[in-house]
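What you see is a predicted model; the values in this text were computed from it and never measured. Quick note on labels: first sequence line is chain A, next is B, and so on, each numbered from 1.
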2 protein chains.
Amino acid sequence: MAKKSIPNPLLQLDNQLCFAVYSAGHAFNRVYKPLLERLKLTYPQYLAMLVLWEQDNVPVKDIGERLFLDSGTLTPLLKRLEAAGLIKRTRSVEDERQMLIALTAQGQALREKAKAVPQGILAASACTVGEMAAMKNDLVALRDRLNAAIGD
Amino acid sequence: MAKKSIPNPLLQLDNQLCFAVYSAGHAFNRVYKPLLERLKLTYPQYLAMLVLWEQDNVPVKDIGERLFLDSGTLTPLLKRLEAAGLIKRTRSVEDERQMLIALTAQGQALREKAKAVPQGILAASACTVGEMAAMKNDLVALRDRLNAAIGD
DNA sequence: ATTTTATATATTGCGCACAATCTAATTGTG
DNA sequence: CACAATTAGATTGTGCGCAATATATAAAAT
């Protein structure tokens, strides 16, 4: 049968902050899935659209810096958004290395539909706006410290 | 050039709790990577080992319930751990549907090496133990509310 | 006891993430 | 100017994560 070991607090799953973050991320993803299905977007695609709805016609690099993603992830993702008719990818004339990402009319129009999404999330999380903002700020601060610790 | 739009607070990337969780998760993963390389484990594999170090010789289902993962994720992951010599997969005699996962001697021994990992994480996160525990509790509560909201 | 229903795991396919590598374009240096 | 070093993006390969499906076993229902 299953055998239990002497617990070492530092190695216990339920004591890991990382696992709380990891499992909360998956839970968010599962809540987003039905909401985003109506927009025919995956969650990372939704994030890319959020960036573009804030600032249109930007190089891939800028999107990557906002989302902490590299071209290995973004290139195929953006190709799918282009195939879906939401964006257009055109090479920059000033710097031919850059690929500029611009919303199509359809991509801009999708923003209206997307306004329903945050409501659904707020309801599912059963948090006050203040609680959500506090957690968000703590997590962003943690993320920035973790990212700062990488190049050591 | 890049064009900025009228901001809608609910659709701004930096206001999303989900993105804070998502990006913190990736940051954790990047910090874990060099630490886990010494154990030749990926982060999800490390989580599975944490479960097994707490309770050995358990069916796949139990691991899945702890980690919120299904057989589509766990079956190939556990096969890789088996190929690495860390676990053994044997069919249960009482219930032939179940696959029991047991640590090998090598898998048990890896626990000693793993004790160094949480130290590195604590250092990189630059949090006090109390701050980490508070965030963890908030996130676990959020995760449980999100998971509870799924079957609606 | 037979049939139905539920459960445990495996398999397939798709979309991330990310390391490693490649190409092409730009910038920096002598 | 020539050439080295950097930068932007694309490509390849591996490992998740999950939906959908398949298969085999067990439990429940009639």
Side-chain angles (χ1 to χ4, degrees), chain A residues 18-19 22-34 36-37 40-49 58-65 67-84 87 89-101 147 150, chain B residues 18-19 21-34 36-37 40-49 58-84 87 89-101 147 150:
Chain A
C18 63
F19 177 63
Y22 169 91
S23 55
H26 290 169
F28 259 125
N29 197 30
R30 285 190 279 269
V31 173
Y32 266 103
K33 185 148 291 184
L36 293 179
E37 242 159 36
K40 297 189 178 174
L41 292 176
T42 65
Y43 178 67
Q45 289 168 6
Y46 173 68
L47 292 179
M49 293 302 287
V58 290
V60 174
K61 184 181 179 285
D62 288 22
I63 300 174
E65 282 174 358
L67 301 182
F68 304 95
L69 295 174
D70 66 6
S71 71
T73 301
L74 285 176
T75 296
L77 184 155
L78 293 170
K79 283 185 177 176
R80 280 177 214 114
L81 289 181
E82 187 176 40
I87 64 166
R89 300 161 68 248
T90 50
R91 228 158 246 296
S92 166
V93 274
E94 303 127 41
D95 185 342
E96 297 236 341
R97 292 171 303 178
Q98 292 188 339
M99 189 67 94
L100 292 176
I101 309 301
N147 278 331
I150 285 174
Chain B
C18 61
F19 178 63
V21 172
Y22 169 91
S23 55
H26 290 169
F28 259 125
N29 197 30
R30 285 190 279 268
V31 172
Y32 267 103
K33 185 148 291 183
L36 292 180
E37 242 159 38
K40 297 189 179 173
L41 292 176
T42 66
Y43 178 68
Q45 289 168 6
Y46 173 68
L47 293 180
M49 294 302 287
V58 290
V60 174
K61 184 180 180 286
D62 288 21
I63 300 174
E65 281 173 359
R66 288 296 304 278
L67 301 182
F68 304 95
L69 295 173
D70 66 6
S71 71
T73 301
L74 285 175
T75 297
L77 184 154
L78 293 170
K79 282 185 177 176
R80 280 177 212 114
L81 290 180
E82 187 177 41
I87 64 167
R89 300 160 69 247
T90 50
R91 225 157 251 293
S92 166
V93 275
E94 303 126 41
D95 184 343
E96 297 235 342
R97 293 169 303 177
Q98 292 188 338
M99 190 67 95
L100 292 177
I101 310 301
N147 278 331
I150 284 173

Does [N] have its OP1 or OP2 closer than 4.0 Å to a side-chain nitrogen or oxygen of [X]?
X     : N      : value
B:R89 : C:dA10 : yes
A:Y22 : D:dC16 : no
A:Y43 : D:dG17 : no
B:R80 : D:dC16 : yes
A:K79 : C:dC16 : no

Could you tell me how far apart [X] ([atom1]) and [N] ([atom2]) are, to the nearest whole angstrom?
X     : N      : atom1 : atom2 : answer
A:L81 : C:dG15 : CG    : P     : 11 Å
A:L78 : C:dA17 : CG    : P     : 13 Å
A:N29 : D:dC18 : CG    : P     : 7 Å
B:L36 : D:dG15 : CG    : C1'   : 14 Å
B:L77 : D:dC18 : CG    : P     : 13 Å
B:E37 : C:dA20 : CD    : P     : 8 Å
A:I63 : D:dA8  : CD1   : C1'   : 13 Å

In sequence, state the C-alpha distance, the side-chain angles, and the governing distance for A:R30 and A:H26, and then conclude on side-chain contact (heavy atoms from CB on, under 4.5 Å).
-> CA-CA 6 Å; A:R30 285 190 279 269; A:H26 290 169; 3.9 Å; yes

Base, sugar-phosphate or nothing for [X]? Non-hydrogen atoms, less than 4.0 Å.
X     : answer
B:T42 : sugar-phosphate
B:P76 : nothing
A:L74 : nothing

Most 5' of A:R91 and B:D95 on DNA chain D, judged by nearest nucleotide | A:R91

If you pin B:E96 and A:Q98 to their nearest nucleotides in DNA chain D, which one's is more 5'?
-> A:Q98

Centres of the A:Y22 and B:Y43 rings: under 6.0 Å?
-> yes

Options [options], nucleotide nearest the side-chain atoms of [X]:
X     : options                : value
B:L69 : C:dC16, D:dG17, D:dC16 : D:dG17
A:T75 : C:dC18, C:dT9, D:dG9   : D:dG9
A:M99 : D:dG17, C:dG15, D:dA10 : D:dA10

What is the minimum heavy-atom distance between A:R91 and A:M99, and which atoms define it?
-> NH2-CE, 3.6 Å

Could you tell me whether the side chain of B:R97 has a donor or acceptor atom within less than 3.5 Å of a complementary atom in the base of C:dT9?
-> no

Mark yes or no for a side-chain to base donor-acceptor pair under 3.5 Å between A:S71 and D:dA10, with no hydrogen or angle criteria applied.
-> yes

